[in-house]
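Okay, structure first, notes after.
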Amino acid sequence: MSESRIEKVRLGTGGPEVGVQGLGCMGMSFAYGPTDLDEARATLERALELGVTLYDTADAYGAGENERFIAPFVRAHRDEIVVATKFGLAIDPADRTKRIIRNDVPYIRQCVEGSLERLGVDEIDLYYMHRRDVNVPIEETVGVMAELVAEGKVKHLGLSEVTSGELRAAQAVHPIAAVQSEWSLFSRDIEAKVVPAAVELGVALVPYSPLGRGFLTGAFVNADRELGDDDFRRQQPRFTGENAAVNAALLEPVREIAEGRNASLGQIALAWVQQRAAVYGLPVVPIPGTRKRSRVEENAAATRLVLSEDELRSLEPIAGQVAGGRYADMTFTSAGRE
Ligand SMILES: NC(=O)c1ccc[n+]([C@@H]2O[C@H](COP(=O)([O-])OP(=O)(O)OC[C@H]3O[C@@H](n4cnc5c(N)ncnc54)[C@H](OP(=O)(O)O)[C@@H]3O)[C@@H](O)[C@H]2O)c1
């Protein structure tokens with residue numbers, strides 16, 4: 001395994017410079033079953049050695065638990081890393097097992113204080129709106145986010161799962177460094193409108209779930225049968241029931257390329273999404289999530305893999321054939337509103 005550090009790239013105009021691949025920290029505390037916390041801590045450190053500098057969390061990941069978990073690492077490496085967190089997914093007071101979306105000003109002000117406190121920092125490097133509350137004008141939401149920048153609580157702004165129109169309206173209020181949305185071999189809806197708008201506006205793309213929540217690595221086929229009761233992937237239509245088998249068969253061209261290159265399936269999936277940067281001409285910083293050192297090494301190595309035109313062509317039809325949506329309720333996504 002080569003020890004050289006991964007390349008760097010600048011997020012949108014005026015945004016921070018980061019390693020060309022980030023680390024998704026969500027699974028360390030939330031959504032994907034039990035975690036070996038010592039190994040997860042070692043994974044954060046290993047990622048940094050490899051040149052991964054963008055660390056992604058959210059206040060919603062385990063109701064603040066994920067921010068608290070990464071806080072000692074963040075503080076120990078304050079000047080070497082870029083910490084990104086998010087607001088916007090609140091606990092539903094009527095049913096505490098459910099989430100509601102909130103983008104109103106008092107809520108955002110309350111959230112930023114909570115994240116600063118849990119992370120133990122004076123300033124959040126990149127602050128995202130996690131989900132869009134359509135009852136609040138985007139200008140109002142980004143307006144208060146801009147105030148947080150002026151007050152020194154936040155350095156850069158990001159938006160997750162926004163439409164192209166919402167991105168344009170937001171950018172008119174304050175520069176947006178990055179849009180974070182799902183983008184992978186299985187999830188390409190943002191290519192129709194959001195990506196062209198980001199290119200036009202000079203905004204970077206931070207693809208989340210670039211490994212299709214692990215499905216694209218071949219690590220599991222059927223969430224119902226293979227994953228724990230509380231694993232979030234059991235709620236996602238494309239990983240369950242008959243869809244799972246249909247979708248597993250779609251990985252054949254990925255497997256063929258992986259075998260020919262002595263790489264893993266996950267590395268081919270990551271190389272594909274990384275290469276969108278060249279295809280569209282914008283900064284792309286995928287944030288694969290892992291809790292294991294060996295996997296962060298494997299994932300970082302994929303930044304050096306460049307797929308040929310023939311290989312890209314053979315992967316092209318996959319997304320159009322995926323059975324089942326990426327969420328049970330797509331109104332939470334930009335595709336549901338675009
Ligand atoms: N903005 C949003 O709405 C949103 C939504 C979802 C996620 N996110 C962010 O995006 C990050 C990444 O997305 P994600 O975690 O959902 O999905 P992902 O990165 O596509 O996949 C993560 C899954 O893949 C496994 N994995 C990682 N590397 C692997 C490898 N080399 N070989 C085999 N399996 C591997 C992980 O397991 P192990 O941990 O056991 O390695 C985990 O189960 C999250 O951590 C979170 O920060 C944002």
Side-chain angles (χ1 to χ4, degrees), residues 1 21-37 39-40 42-44 46-47 52 54-62 66-67 69-70 83-89 99 101 126-132 158-162 178-187 190 205-220 223 226-228 231-236 238-239 251 254 258 263-273 285-303 305 326-327 330 332-335:
M1 155 90 212
Q21 183 182 101
L23 180 64
C25 301
M26 177 180 80
M28 294 178 180
S29 316
F30 179 68
Y32 299 153
T35 296
D36 172 342
L37 292 179
E39 179 63 18
T43 303
L44 294 166
R46 184 72 186 121
V52 171
L54 177 62
Y55 291 80
D56 191 79
T57 181
D59 61 3
Y61 300 161
N66 195 232
E67 290 179 324
F69 176 71
I70 69 165
V83 64
T85 191
K86 317 182 190 81
F87 70 85
L89 280 172
R99 295 289 179 77
I101 303 175
L126 176 56
Y127 201 37
Y128 288 105
M129 179 187 86
H130 204 158
R131 285 288 186 278
R132 166 105 174 93
L159 302 168
S160 177
E161 290 283 358
V162 283
V179 165
Q180 181 175 139
S181 278
E182 187 164 353
W183 204 4
S184 73
L185 278 171
F186 266 25
S187 301
I190 62 168
L205 241 300
V206 172
Y208 78 72
S209 304
L211 293 167
R213 299 184 185 257
F215 190 87
L216 297 171
T217 69
F220 72 95
E226 296 165 51
L227 304 178
D231 195 299
F232 179 69
R233 292 167 289 191
R234 291 181 65 147
Q235 298 173 32
Q236 296 185 282
R238 58 181 46 177
F239 304 137
L251 297 182
V254 188
S264 67
L265 271 70
Q267 286 180 315
I268 303 305
L270 289 175
W272 180 89
V273 77
V285 181
I287 46 167
T290 183
R291 303 167 282 192
K292 300 182 178 75
R293 277 169 291 182
S294 59
R295 288 180 171 175
V296 85
E297 288 169 0
E298 180 185 323
N299 296 348
T303 63
L305 227 166
R326 52 195 181 89
Y327 289 94
M330 286 293 282
F332 271 60
T333 70
S334 63

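Counting begins at 1 with the first residue of the sequence. Whatever order the structure lists ligands and atoms in, that order sets their numbers, starting from 1. Please read these numbers as outputs of a predicted model, since none were measured by experiment.
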Query - Residues Leu159, Tyr128; criterion side-chain contact (heavy atoms from CB on, under 4.5 Å); working and verdict - result: CA-CA 5 Å; Leu159 302 168; Tyr128 288 105; 5.6 Å; no
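Side-chain atoms of Gln21 never come within 3.5 Å of backbone atoms of Pro286 as a donor-acceptor pair (strictly under, hydrogens ignored). Formation of a donor-acceptor pair under 3.5 Å by the Ser187 side chain with backbone atoms of Ser184 is not found in this model.
A heavy-atom cutoff of 4.0 Å around ligand 1 is satisfied by the protein residues Gly24, Cys25, Met26, Tyr32, Asp56, Tyr61, Lys86, His130, Arg131, Ser160, Gln180, Tyr208, Ser209, Pro210, Leu211, Gly212, Arg213, Gly214, Thr217, Arg233, Ile287, Pro288, Gly289, Thr290, Arg291, Lys292, Arg295, Glu298, Asn299, Tyr327.
Considering all non-hydrogen atoms of both residues, Val254 and Leu185 come closest at CG2-CD1, 3.9 Å. Minimum heavy-atom separation, Thr43 to Arg291: OG1-O, 3.0 Å.
A salt bridge does not link Asp36 with Lys292: every distance from a Lys NZ or Arg NE/NH1/NH2 to an Asp or Glu carboxylate oxygen is 4.0 Å or more.
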